[in-house]
Amino acid sequence: MQVTGLAADLASLRESTLKGKIDVEAWMLENDIEVLSSEIQSLPVTFELAEGQNIENQVFVQVQFIETPE
């Protein structure tokens, strides 16, 4: 992942404090998926960045959904 911005904006950026999020519901809506399958899927990750910090390339994670007994 490459983050860009002015030096002053990037000074507060720390790898240890980066928080990523996967929004499964939004991904399902965007891809017209009603039921999750057990196939491996590639989902986009969004990060909480400070103002002036920008991600240059989209980050994806490989996810496999497995049904578990309740």
Side-chain angles (χ1 to χ4, degrees):
M1 175 172 93
Q2 182 178 3
V3 180
T4 60
L6 298 174
D9 294 330
L10 296 177
S12 64
L13 183 64
R14 300 286 179 268
E15 183 178 348
S16 62
T17 60
L18 278 177
K19 293 180 182 181
K21 176 180 156 184
I22 302 168
D23 189 338
V24 176
E25 184 176 6
W27 172 80
M28 289 177 70
L29 287 171
E30 289 173 13
N31 292 281
D32 197 29
I33 297 172
E34 294 182 16
V35 178
L36 294 172
S37 70
S38 62
E39 297 175 13
I40 295 175
Q41 305 288 339
S42 181
L43 278 72
V45 180
T46 56
F47 292 90
E48 298 175 15
L49 297 173
E51 189 173 330
Q53 299 174 350
N54 302 296
I55 294 180
E56 288 299 309
N57 51 336
Q58 180 67 59
V59 176
F60 292 88
V61 293
Q62 300 294 312
V63 177
Q64 184 175 22
F65 298 100
I66 300 173
E67 187 174 345
T68 58
E70 293 183 31

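Positions are given from 1 along the sequence.
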K.L.:
Within the supplied structure, the quantity of interest is the number of heavy atoms (other residues, nucleotides, ligands) at a distance under 6.0 Å from Gln58 CD; does it exceed 12?
P.N.:
yes
K.L.:
Other than Ile40, what residues sit in its cluster of Ile, Leu, Val, Met, Phe, Trp and Tyr side chains whose heavy atoms are under 4.5 Å apart, directly or through others?
P.N.:
none
K.L.:
Does CD in Glu25 sit with more than 12 non-hydrogen atoms of other residues, nucleotides or ligands closer than 6.0 Å?
P.N.:
no
K.L.:
Do any N or O atoms from the side chain of Asn54 and from the backbone of Gly5 form a donor-acceptor pair under 3.5 angstrom?
P.N.:
no
K.L.:
Compare every heavy atom of Ser12 with every heavy atom of Asp9, then report the nearest pair and how far apart it is.
P.N.:
O-OG, 3.7 Å
K.L.:
Run through the side-chain heavy atoms of Ile, Leu, Val, Met, Phe, Trp and Tyr, join any pair under 4.5 Å, and report what else lands in Leu13's cluster.
P.N.:
Met1, Val3, Leu10, Leu18, Ile22, Val24, Trp27, Met28, Ile33, Leu36, Leu43, Val45, Phe47, Leu49, Ile55, Val59, Val61, Val63, Phe65
K.L.:
First locate atom CD of Glu39, then atom CD of Gln64, and finally report the distance between them rounded to the nearest 0.5 Å.
P.N.:
9.5 Å
K.L.:
Does Glu56 have any side-chain hydrogen bond (donor to acceptor under 3.5 Å, both in side chains) partners at least two apart in sequence or in another chain, and if so, which?
P.N.:
Thr4
